[in-house]
Structures are given as structure tokens and as C-alpha cells.
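Just follow the structure's listing: the first ligand is 1, and inside any ligand the first atom is 1. Since this is a predicted model, take the numbers as computed values, not measurements.
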Amino acid sequence: MDVDKGLSASPKHLSSKYFYDKKGDALFSQIMHLPEYYVTRAELEIFSLQTQIIIDALQLNPNTYFELIELGAGDGLKTKELLRLLDKQKYKFEYIPLDISLNVLENLEKSINTDFPNIAINRQHGDYFHVLKTLKDSHHPKVVLFLGSNIGNMPDEIAKDFIAQLGANLNVNDKLFLGVDLIKSAEIVLPAYSDSKGVTKAFNLNLLTRINRELGGNFEIANFDHQAEYHEAEGVAKSFIVSKCNQEVRIENLDKSFYFSTGERIATEISRKYNTRIVHQIIEHSGFQITGMLSDRGKYFSNYILTKEA
Ligand code: AVJ
């Protein structure tokens, strides 16, 4: 069990993939609208102002049916910019959004059906590694969208392994359209992970509420705080839950208690930031080559077009 393992480890940790229950989905949706959270806005600008450039960079043939697969699709706000133009230009494709939250996927499917009745949608519920197994089932050309710097939640070694596995399951000329937040100063990054309204704090602490509800925990949420740090040289933001006192927490379903000392931290998320050198490192030996790159005007965020070459 992940929670048992993470809370028994030293230092303690919990996986960020558990953020996204119904409450977590709603909080993340609020985060995306926060003034401090520049990430979503920067990428949305690329999708809104450079939509045709994206389509050109993907080198799609309007008459060849393809699959547009999105890993961690969320509310699809950015993708809809692309869908609108693909639909208008009569490209033939199926949209296959994948998300860890069924709630998010159901809402997305409804809104796609309303906004784009002509677009075929085939939702997939699961984590990123789940989709890898299904890719080889079809032989259509594929475009994989991995947006929002979602890849940044993976430590580099895991990201590298994931991209290599993705590459191994794609065919020559298939595309990976990868969105990454760029390395920038702590002044800009840190507030994005410790906003003034405390939305990110609520998002982080919701992990404990979720353990209380789903595993019979008795976390006293008020006895924990949120903490974010940014390692500027490395380009990595890290989030923690901090214990405000010495305390013991019982998790009924694990039939176990866990001890927290004052100031003790649970690592909950890493959000890596990138530059071209790091992207090169991550796609090394994956068979992908960088064949294009787009950025927003503020140079906060980039979308890399990666083409499977061998
Ligand atoms: C959705 C993983 C890209 O790491 O920036 C936002 C999640 N965590 N605020 C990120 C998140 C805290 C976000 N990603």
C-alpha cells in the first residue's frame, strides 16, 4: 500500500497522483486561475496565439486518420483551442483523453460533445503508465499531448524511463507534444506553489483529508501546514506537508499509527522546471528528436515537438 510505505519511510512521502479526488480536482481548477500560477496561462497563450503553427509543426495530413492522445487531459481548455482549428480544417481524428480522475474525464467528455459534436472522443481512465499498454493496439498515426508540465511531477529518472517506454510504443513519425515549465527565478516560481489565498495549501493538505475519508485516518488537519521550496540552480520546486507539533495519527484501514515530530515533513510533490538541455537529457535513447519548439511571449513556458525517428 502506497500510503503505508510512504508514511513509514524516512523521510516521509506521499504520491502527488493522489491529489486528484473530487475536492482535489476542484482545488486544482482554482489553482489554474490564481494570479500566481502563471503555468496554465502561459501555455494557454501558446495554444491560443499559435494554433496554426502547432498544427503545421505536427505535420499532419488532413486526409489521414490519426489519434490525438492526451495524457492528464484535465479540463482540456488548452486542447480545445487545437480541437477547434483541427475540426474547422476537417482533419480526421479521434480525441483520446486520459486522466487519473474519472470525474474530470466525464466532465471533459460532456463539454467536448457540446462544443464539438463532430469530434469523436474515446476517454481512458487511468494513470500515465496505463496508456502505454494500449498504444500498440492501433496502427494509426499518433500525436501524444503531454501538457501543463505534468511531466515535472516525475523525478528525472522516472521521466526518462517513461519517455523511453512511450517511444518504444510509438511508430516512426508519431509525435509527442510536450509542455514544460521553464527554469526561472524563485521570485516567480515560489509564489506559484505558495499562493496568498492558501489554495495550494488546501490542495496539498487535501491528501490528509483523503486518507481520513478513504483509509479511516484521524489526521487533525489544523495540526499540519503547507510548505513549498524552490531550488533555483537545479530548477526544482518541492512541496511538503509539515507537522506543527509532536503527534500520533491512527490509520484504521492499515491498523497502524504513525508518529510525526514538530517540523517533520511529508514530501508530496516535485514540480521540475526545464530548459532544452534537460529536455535533451530526458529524451536521450528514447528514439525521439526535437523537431520544433514554441514559447509564450514571456518565455515562461515551452512546448517541444518531439518526433519518433527510429
Ligand atoms: C499539474 C503537476 C503541473 O506541478 O505545477 C500546482 C500541480 N501543484 N500547484 C504543478 C500543482 C501545486 C501542477 N501540475
Side-chain angles (χ1 to χ4, degrees), residues 13-21 23-47 70-79 97-101 103-105 108 127-129 145-156 158-159 162 177-184 186 188-210 224-232 234-242 265-274 278-279 282 296 300-304:
H13 57 87
L14 290 170
S15 170
S16 58
K17 77 174 180 193
Y18 298 118
F19 282 141
Y20 305 96
D21 64 355
K23 180 83 188 297
D25 291 339
L27 287 165
F28 184 63
S29 165
Q30 265 182 274
I31 288 175
M32 290 194 288
H33 293 98
L34 289 172
E36 292 100 333
Y37 197 73
Y38 59 84
V39 182
T40 311
R41 266 193 313 280
E43 193 176 32
L44 181 59
E45 185 205 293
I46 298 172
F47 273 78
E70 180 165 11
L71 307 179
D75 66 5
L77 189 65
K78 296 161 286 195
T79 308
L98 175 110
D99 208 278
I100 191 145
S101 165
N103 164 51
V104 151
L105 273 178
L108 178 62
D127 64 26
Y128 299 141
F129 289 87
L145 304 176
F146 196 9
L147 308 180
S149 212
N150 279 331
I151 192 176
N153 280 173
M154 298 181 192
D156 291 353
I158 307 282
F162 179 71
F177 192 76
L178 180 68
V180 297
D181 192 17
L182 300 176
I183 293 181
K184 60 185 78 64
I188 298 167
V189 176
L190 208 44
Y193 294 93
S194 48
D195 67 277
S196 59
K197 290 191 205 79
V199 180
T200 309
K201 174 179 173 170
F203 178 68
N204 199 11
L205 294 180
N206 182 50
L207 278 175
L208 304 183
T209 309
R210 190 172 182 189
F224 292 87
D225 212 342
H226 166 74
Q227 191 185 4
E229 47 186 51
Y230 180 57
H231 302 256
E232 199 172 322
E234 212 191 331
V236 180
K238 297 182 181 178
S239 299
F240 301 89
I241 292 170
V242 191
R265 306 198 294 182
I266 311 170
T268 55
E269 187 176 44
I270 63 158
S271 302
R272 190 200 228 302
K273 310 304 169 194
Y274 298 82
I278 298 166
V279 172
I282 283 180
D296 63 307
Y300 276 34
F301 197 96
S302 288
N303 287 102
Y304 285 84

Residue pair Asn103 / Tyr20, side-chain donor-acceptor N/O under 3.5 Å: no
Does the side chain of Phe19 reach to within under 4.5 Å of the side chain of Asn204, using non-hydrogen atoms? yes
Surrounding OH of Tyr300 (heavy atoms of other residues, nucleotides or ligands, distance under 6.0 Å), is the total greater than 12? no
Not counting sequence neighbours, which residues clear salt bridge (charged side-chain N to carboxylate O under 4.0 Å, His left out) with Glu269? List them please. none
Pick out the protein N or O atoms lying less than 3.5 Å from any N or O of ligand 1, and list each pair with its distance.
unit_1: ligand 1; atom_1: 4 (O); unit_2: Asn153; atom_2: ND2; d: 3.4
unit_1: ligand 1; atom_1: 4 (O); unit_2: Ser271; atom_2: OG; d: 2.6
unit_1: ligand 1; atom_1: 5 (O); unit_2: Tyr37; atom_2: OH; d: 2.5
unit_1: ligand 1; atom_1: 5 (O); unit_2: Tyr193; atom_2: OH; d: 2.5
unit_1: ligand 1; atom_1: 8 (N); unit_2: Glu269; atom_2: OE1; d: 2.6
unit_1: ligand 1; atom_1: 8 (N); unit_2: Glu269; atom_2: OE2; d: 3.3

How are the rings of Tyr37 and Tyr193 set to each other: parallel, tilted or perpendicular (split at 30° and 60°)? perpendicular
Would you mind telling me which of His231, Glu36, Lys184 makes a side chain to side chain contact (heavy atoms under 4.5 Å, CB included) with Val189? Lys184
